[in-house]
Each structure stands twice: as C-alpha cells, then as structure tokens.
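Notes follow once the structure below has been shown.
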Number of protein chains: 2
Amino acid sequence: MRQIIEERTGSHSRHPASSEPHIAHMRFTAHATVLHEGDPARRIMEVVEGAVMLTKLLPDGRRQVVELLGPGDVFGLAACDVYACSAETLTAAIITTHERGALDRDPTLAARLLRRFEAQLCAMHSHALVLGRMSALERVAFFLLRLTPESVVGSTLHLSMTRQEIADFLGLTLETVSRAFSELKRRGLVALLRADEVKIHDHGSMRRLAGAA
Amino acid sequence: MRQIIEERTGSHSRHPASSEPHIAHMRFTAHATVLHEGDPARRIMEVVEGAVMLTKLLPDGRRQVVELLGPGDVFGLAACDVYACSAETLTAAIITTHERGALDRDPTLAARLLRRFEAQLCAMHSHALVLGRMSALERVAFFLLRLTPESVVGSTLHLSMTRQEIADFLGLTLETVSRAFSELKRRGLVALLRADEVKIHDHGSMRRLAGAA
DNA sequence: CGGAATCTTGACGACGGTCAACGCTGGTGG
DNA sequence: CCACCAGCGTTGACCGTCGTCAAGATTCCG
C-alpha cells in the first residue's frame, strides 16, 4: 500500500473579498487517494495542477483505470448519491472543489464544466474504442500518443504511471504492457531511456498503429 | 445497407410565441443514421423518445458502439469541431436539437444538460470497467441487466439490437455473444423466447455475474 | 552493499476470435 | 398458399492473442 494520504489542505484560504466563499484549494502529494468510490458525493472536484486517475473496482479486486485527468478536468461525479470512482493522484497535484449547488447558481461555472464534460465524454468514447476493439500493441501506441502534447514531439516523455497502472488503464496485464513496450522498441518506433521515459521515434507509424486517432 | 434515411423533419414547427425559436423536433424510423462521425458539429442533439446508439469506426472497419441512449440522453458532441461519433436509431425515435450557442444563453438548459452529461459520463465509466476487465459471460449479463428497468423485472425484455450490434457494444464478436446467451440459458439464468426476447429468471445470479453493478 | 519494488522475459494454457456449416424466420413472388 | 431466398442466429473445430505463473534483471533507496 503506497497511497499514503498526505493531504495538507493547503490554501484553504478564503480571500477576504472572494466571490466564491466555499472554494477549497487542496494540495496533494503523488500517489495520494483523493476520494473513494462509494463515499457520499458531496462536492465536485476540478484538477488545477498535476495528474489524477479515476479507478473502479470489481468485488473480486479487478481494477480499471477509467480516466486520466489533467488540469481543468472534472471528477467526483455520481450517478446516484455516492462517488462512482475512486481518485488517486499520479503526481503532486492541486485540486479545487465546488459545491454541487453552485452549479445552479453560477452559470459561468456551469458553462465551463459543461464544456469540460463534453471533452471528457469524447475522451471516454475514444477509450471505449480502444478497450473494445484494439490489440495490445495498438492500445499501448494509443496511450503513448495520448500523453504526447504537440510540444513534446521531439523530446522525451515521462510516464508517471507504473506498468500495472498503464495495464489497468488499457485493460491489459502488466506483462502484456511490458511486452508491447519491448515490441515497439524492437520495431524502432520508440526508445526506452528508462522504464518510465519514452522517446517516440516514428510518429507516423505510431499514429497508424493507434488508428490515426 | 439497411440504414435508409427517412428523415421527415416532422414538426419543424416554430410555435408563434416559442421561447426557443431554433428548436427542431425530428422524427426518425428505426435504423436511420442521424449523424456521421466527422461531419461538422453544428448542433447538440437530445433523445426525446426511442433508442439511439453512438458508434465509432477504426480505419480498417472495426466498429465500437460506444454508448446506448434513451430519452433525455444527449449526443452530437465534438472534441474539436466535428462529431466524434456516428449516431443511428435502434427504434423509431424523436430527436430534438439545440444550437451550441444556446448553452451559454440559457442557464436552465445548461443545468439540465450538465446533469445528463454527468449521468452519461458515469455510465461510460462503468462501460470502461466492462470493456477492460470483464469476461464475455459477465459482459452479456451486465448488458441484459442494464436494459432491465426495475419495472420489467418479471416480464420479458425486448432487445432492439442484433447480435452484431450487441457484440460491437460489448467488445466481442457476434459468435461469442451468441455463445454467451446459450450459456446463460443452459445455466437457467435466462430464457430465450426468441432471438430478441429475453426473460431473466435468476436475477440474483445475474447481478453477481455482472459484478453487482 | 543489500534488499525491496518494479520491470522484463519465457513457457504454457485458456478464452475468445476466425472460419465454416447449418438452422431458423420472415418476406416475396410464383 | 406454398416455395424459395435472404438475413440473422447458432454451433462446432481450430487457432492466435493475451493471461498466468515463474524465474531473472534492473533500478532505486537506505
């Protein structure tokens, strides 16, 4: 168990003249649990800085990482009145929260979250295609491209996830993920500087593998 | 090719004193294509009545049904400026559309769509767990329960999808779906009256198979 | 330097995909 | 009215991808 929670509720700072009195900025270390699947869903969360993953568990312990979140992304959702996913930080992160009631009172906030929900829903649609129809190699290629912003095309990409976490995201086992990395390396599409540092050499072939997504 | 489009743009009716002049209600037959992945994303759609499925395609033709929609559900989303998914009706359906700009102008509409997006995002999270971590039998059990509203517990459930469509939804092949149905029947969990009419006998075992979701 | 955690690689097996034949059902036309 | 045909579903045999189990390799840290 390495998710030691160290939840310095950093700047709980209510600016004297803040227009949003119930906002709480929280600072988390890497590998901290932010919230638990099944807990009562009080607030909606938003990533300000860092990376967060959402996970779901089956009764027998099988795990799926359902979403990877970055700055601006929203989580803490609920179909009924409890959180549908657990959330863990992948890196150090800053998270802000919104009262659920604020959505009705603050149209600006609602409009922003709406736009973000749309983007996340589209990302989930892509992810369904990956999980339902792609081979192991294709999934890993897709994963690497997804983590590559246009700025980092030539340079080296840092994965802040273990093979197990990547596997749980892609619906594979850690061994299969490892084999896929090796195969991509063998084919000259990527270079593995370290286990968690990848350089993409053949961007075109990678895109083709990932289904030109 | 059976998606014959018969798109009687039924009540394009602008009520004399309507507050939403750009609303268009459209009536579709079953198996009609409502919109195409890749087309310019002009409007946001909402299911009023009937069932709609959203699909994504890989360049080589592999297909994934990413979402099943019923009344109230929203589609026609776009990460950039084109639709991310195609949409086809499963049954006869009535669909209404909203101008994208209306979301900023109409806070009531925005609040309603926000709530619906949240529900659909949660459904996608469950679906990711299904696609990533469940066996074929579990997937089919999950699928059948998902289609069973509490009202239809004792009675018979009508599937308005072919085996191929179910397979594309669950990330399987049509043969595997067929085998899973037969296996559920063999175990006495369901009865197959016809290929598209199912009665669930052992609801408890089904829930256990589906991961008590 | 040593030990724990993570990653890689190999051997093997199972689940589900592929290919193929057959059955059922509903619609059309003779 | 019945026969035929087309589309969909079922079942079987076989095979490939990926999961499982296990043994090393590597990295990181004290």
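In what follows, every chain begins at residue 1, and chains take the letters A, B, ... in the order their sequences are listed. For the numbers below, each heavy atom of this structure counts, side chains included, while hydrogens, waters and symmetry mates do not.
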Can you confirm whether [X] sits close enough to [Y] that some side-chain heavy atom of one is under 4.5 Å from a side-chain heavy atom of the other?
X	Y	result
I95(A)	V48(A)	no
T55(A)	Q64(A)	no
S126(B)	F142(B)	yes

Rounding to a whole Å, what distance do you find between [X]:[atom1] and [N]:[atom2]?
X	N	atom1	atom2	value
M161(B)	dC8(D)	CE	C1'	15 Å
E138(B)	dG16(C)	CD	C1'	14 Å
E183(B)	dT11(D)	CD	P	11 Å
R186(B)	dT11(D)	CZ	P	11 Å
R133(A)	dG16(C)	CZ	P	13 Å
I166(A)	dC18(D)	CD1	P	16 Å
D168(A)	dG19(D)	CG	P	11 Å
L159(A)	dT6(C)	CG	P	15 Å

Would one find a side-chain N or O of R194(B) under 4.0 angstrom from OP1 or OP2 of dT25(C)? no
Taking 4.0 Å as the cut-off, does a side-chain nitrogen or oxygen of T162(B) come that near to OP1 or OP2 on dG7(D)? no
Could you check whether E46(A) and H98(A), counting side-chain N and O atoms only, form a donor-acceptor pair closer than 3.5 Å? yes
In terms of side-chain heavy atoms, does E67(A) have a donor or acceptor partner in H125(B) at a distance below 3.5 Å? yes
Closest-nucleotide ordering on DNA chain D, the 5'-leading residue of A136(A) and A195(B): A195(B)
Hey, are E118(A) and R100(B) close enough for a salt bridge, meaning a charged N less than 4.0 Å from a carboxylate O? yes
Which nucleotide sits closest to the side chain of S135(A): dT10(D), dC7(C), dC18(D)? dC18(D)
Does anything in residues 170-178 of chain B reach DNA chain D, meaning a heavy atom under 4.0 Å, and if so which residues? L174(B), E175(B), S178(B)
Does any N or O in the side chain of T148(A) come within less than 3.5 Å of the main-chain N or O of L144(A), such that one atom is a donor and the other an acceptor? yes
Looking only at N and O atoms, is any donor in the side chain of R179(B) or the base of dT18(C) less than 3.5 Å from an acceptor on the other one? yes
